[in-house]
Amino acid sequence: MTVQSISVRVLSKRIKAPGIAAYTLGAEGGQVLPDYAAGAHIDVKLPNGLIRQYSLCGDRADPATYEIGVLRDGAGRGGSAYLHDTVREGDLLEIGEPRNLFPLTPARHSVLLAGGIGITPLLAMARSLATSGSSFEFHYFVRSEDRAAYWDTLSRLAPDEALYLHVGERIPASFAVARVLGAPSPDTHLYTCGPNPFMDAVLDLARSAGWDAANLHSERFAAVTGGDDQPFELELAASGKVVQVSADQTAAEALALAGVRLPLSCEQGICGTCLTTVLAGVPDHRDSYLSEDERLANDCFTPCRSRARTPRLTINL
Ligand code: FES
């Protein structure tokens, strides 16, 4: 997937909560930036070569700027730490055009559940729903009150009775989530974003409560971990060449060593940039990008993360 690159300047950097900074980005000359819908994210190409995805959470009333909120993750792969520690107001960054893998679905009512920094795409959704006068409720789960970044913004968007701040020090998140979910309804959609354990708990509880999978929407910031890594083979359909993928390599790494460089972005199975067609064999899907139906079709996989259930995958390369 080729995404147009845009040069932007960091117009402001503000601390929103401990470890969370908001960056306002503007195109040179105040030009209008490409429009986007709530739930969209951009690739941020950092000067150190890392590419990271961040949700757009700003106000589209200002078409010349984007805003991203970034949690400094000391245990992460270095992108957020670089942004926090090195990027300053006035710096230039390269970004990709907005992409939206987490769009809103028209519904009678929407339930938004954010865990920590997962607020960013859901804040954009709250803005959109508030602007269109749509019914929604927002549940924000944080470890402590001082970590509730953007709560002030939310409070200006929606009436108090639509906003719920769940502070982990007072009530366990799973208990609060179970109460929030209530009885499912075909015209109510649920959106969740946050750390993987939080989202897994929300989605498991929703399924157990009888929510239809089509009404559940989520976006992950981090790769799904787990799975037993076994070696497998990739056969390249165009040349018949066979590439061995060892247990400690990704398919994308093995392909690169064999001279086949795939377009990569998140390298965590989140963005879909490396999606590759599978002609034979069964992938072991480890991504957070494909829908359940797309996984069951087994006709594509994300080589940056996913592996194989069969000894060989034949891919359309
Ligand atoms: S590079 Fe993002 S899914 Fe593979």
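Atoms within each ligand, like the ligands themselves, are counted from 1 in listed order. Numbering starts at 1 and runs along the sequence shown. Values in this document were obtained by computation on a predicted structure and should not be read as measured data.
Hydrophobic clustering, with ILVMFWY side chains joined whenever heavy atoms are under 4.5 angstrom apart, keeps Val44 apart from Ile20.
The backbone N or O of Leu279 sits nowhere less than 3.5 Å from a side-chain atom of Asn316 that would complete a donor-acceptor pair.
Take a cut-off of 2.8 Å around atom 2 (Fe) of ligand 1: the protein N, O or S atoms inside it are Cys266 SG, Cys271 SG.
A centroid separation of less than 6.0 Å is found between the aromatic rings of Phe141 and Phe198.
Between the side chains of Glu67 and Tyr54, not a single donor N or O lies within less than 3.5 Å of an accepting N or O. Between the side chains of Asn100 and His41, no donor-acceptor pair is found at a separation under 3.5 Å. In summary, the side chains of Glu89 and Ser12 do not present any donor paired with an acceptor at a separation below 3.5 Å, with no hydrogens or angles considered.
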